> 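Just passing along the structure, written as structure tokens.
What you are looking at is a predicted structure, and each value in this text was computed from that prediction instead of being measured.
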Amino acid sequence: MTTKDAAFHRHPMPGPPLAIVAEALFVINLMLLPGLAFLALMVLWIKHRNHPDPLVRNHLRQTGWTCITGGTLLVSASVGIFVLGGFDNPWSWVIGVLYFTFVHSSLILLGVLGLARAMNGRNWRYPVFGPRENV
């Protein structure tokens, strides 16, 4: 990476407040206020999706899409496990709880990493759920 490329991907610290708020809402959605923080993040994403700062656009897009795809996968796979295995089968509960705990805690960890990247003024892409950025 050249010096010009490094300057393009860096932003002065602390990062833009909108990027930090987007990542904070993502973590809040997973830990404290699931529905309310999700709605606030979607409103923020819709309102500022064409923000002039590419770092803000990056974090808004990443958190928005990851909330939608990660939440959809989390809920649909959990429901699928119980529908296929049955609610009275103890193995359905073991697999369902393990799956939910693993995916949910992974999303929390990735959200905290995204929050740190936003605070440091750096771009971020969620590894599995985040959309690819056109650079």
> Run the numbers on L41 and T63 for side-chain contact (heavy atoms from CB on, under 4.5 Å), then give the verdict.
CA-CA 8 Å; L41 179 60; T63 55; 3.5 Å; yes
> Shortest non-hydrogen contact from V97 to T101?
O-OG1, 2.7 Å
> Could you report the tightest heavy-atom contact between L60 and A22, atom names first, then the distance?
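So the minimum-distance heavy-atom pair works out to CD2-CB, 3.6 Å.
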> Got P34 and F38 here, is their nearest side-chain heavy-atom distance under 4.5 Å?
no
> Would you say H59's side chain and R122's backbone share a donor-acceptor pair under 3.5 angstrom?
yes
> Looking only at heavy atoms, which two atoms of W93 and F87 are closest? And how far apart?
NE1-O, 2.7 Å
> Any chance you could measure N58, atom CG, to R117, atom CZ, to the nearest 0.5 Å?
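Rounded to the nearest 0.5 Å, the CG-CZ separation comes to 9.0 Å.
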> Does V27 share a hydrophobic cluster with L32, counting links as ILVMFWY side-chain heavy atoms below 4.5 Å and allowing steps through other members?
yes
> F102 and L98: same hydrophobic cluster, using ILVMFWY side-chain contacts below 4.5 Å?
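No, F102 and L98 fall in different hydrophobic clusters.
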> Say whether L44 and I20 are linked into one hydrophobic cluster, either directly or through other cluster members, by side-chain heavy-atom distances under 4.5 angstrom.
no
> In Å and rounded to the nearest 0.5 Å, what is the SG to CG distance from C67 to L74?
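C67 atom SG to L74 atom CG measures 11.0 Å (nearest 0.5 Å).
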> Rounded to the nearest 0.5 Å, what separates atom CZ in R49 from atom CD1 in I46?
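Rounded to the nearest 0.5 Å, the CZ-CD1 separation comes to 6.5 Å.
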> Please report the closest heavy-atom contact between P16 and D53, naming both atoms and the distance.
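For P16 and D53, the tightest heavy-atom pair comes out as CG-OD2, 3.3 Å.
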> Hydrophobic clustering (ILVMFWY, side-chain heavy atoms < 4.5 Å, transitive) - are F26 and V128 grouped together?
yes
> Hey, is the main chain of A118 close enough, under 3.5 Å, to the side chain of W124 for a donor-acceptor pair?
no
> Please round to the nearest 0.5 Å and tell me the distance separating atom CG of L115 and atom CE of M119.
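So the CG of L115 and the CE of M119 are separated by 4.0 Å.
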> For the CD1 atom of I68 and the CG atom of L73, what is their distance to the nearest 0.5 Å?
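The CD1 atom of I68 sits 13.5 Å away from the CG atom of L73.
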> In this structure, which one of I95, D88, N89 forms a side-chain contact (heavy atoms from CB on, under 4.5 Å) with S92?
N89
> When clusters are formed by joining ILVMFWY residues with side-chain heavy atoms under 4.5 Å apart, either directly or through shared neighbours, do V79 and L107 land in the same one?
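In one cluster: no.
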> Could you check, using the six-membered ring where one of them is a Trp, whether Y126 and W65 have ring centers closer than 6.0 angstrom?
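No: the rings miss the under 6.0 Å criterion.
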> For the CG atom of L25 and the CG atom of L30, what is their distance to the nearest 0.5 Å?
11.0 Å
> Can you name the closest pair of heavy atoms from I28 and A37 and give their distance?
CG2-CB, 3.7 Å
> Does any N or O in the side chain of Q62 come within less than 3.5 Å of the main-chain N or O of P131, such that one atom is a donor and the other an acceptor?
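Yes, because the side chain of Q62 sits within donor-acceptor range (under 3.5 Å) of the backbone of P131.
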> Heavy atoms only: give me the nearest R61-W45 pair and the separation to one decimal.
CA-NE1, 3.8 Å
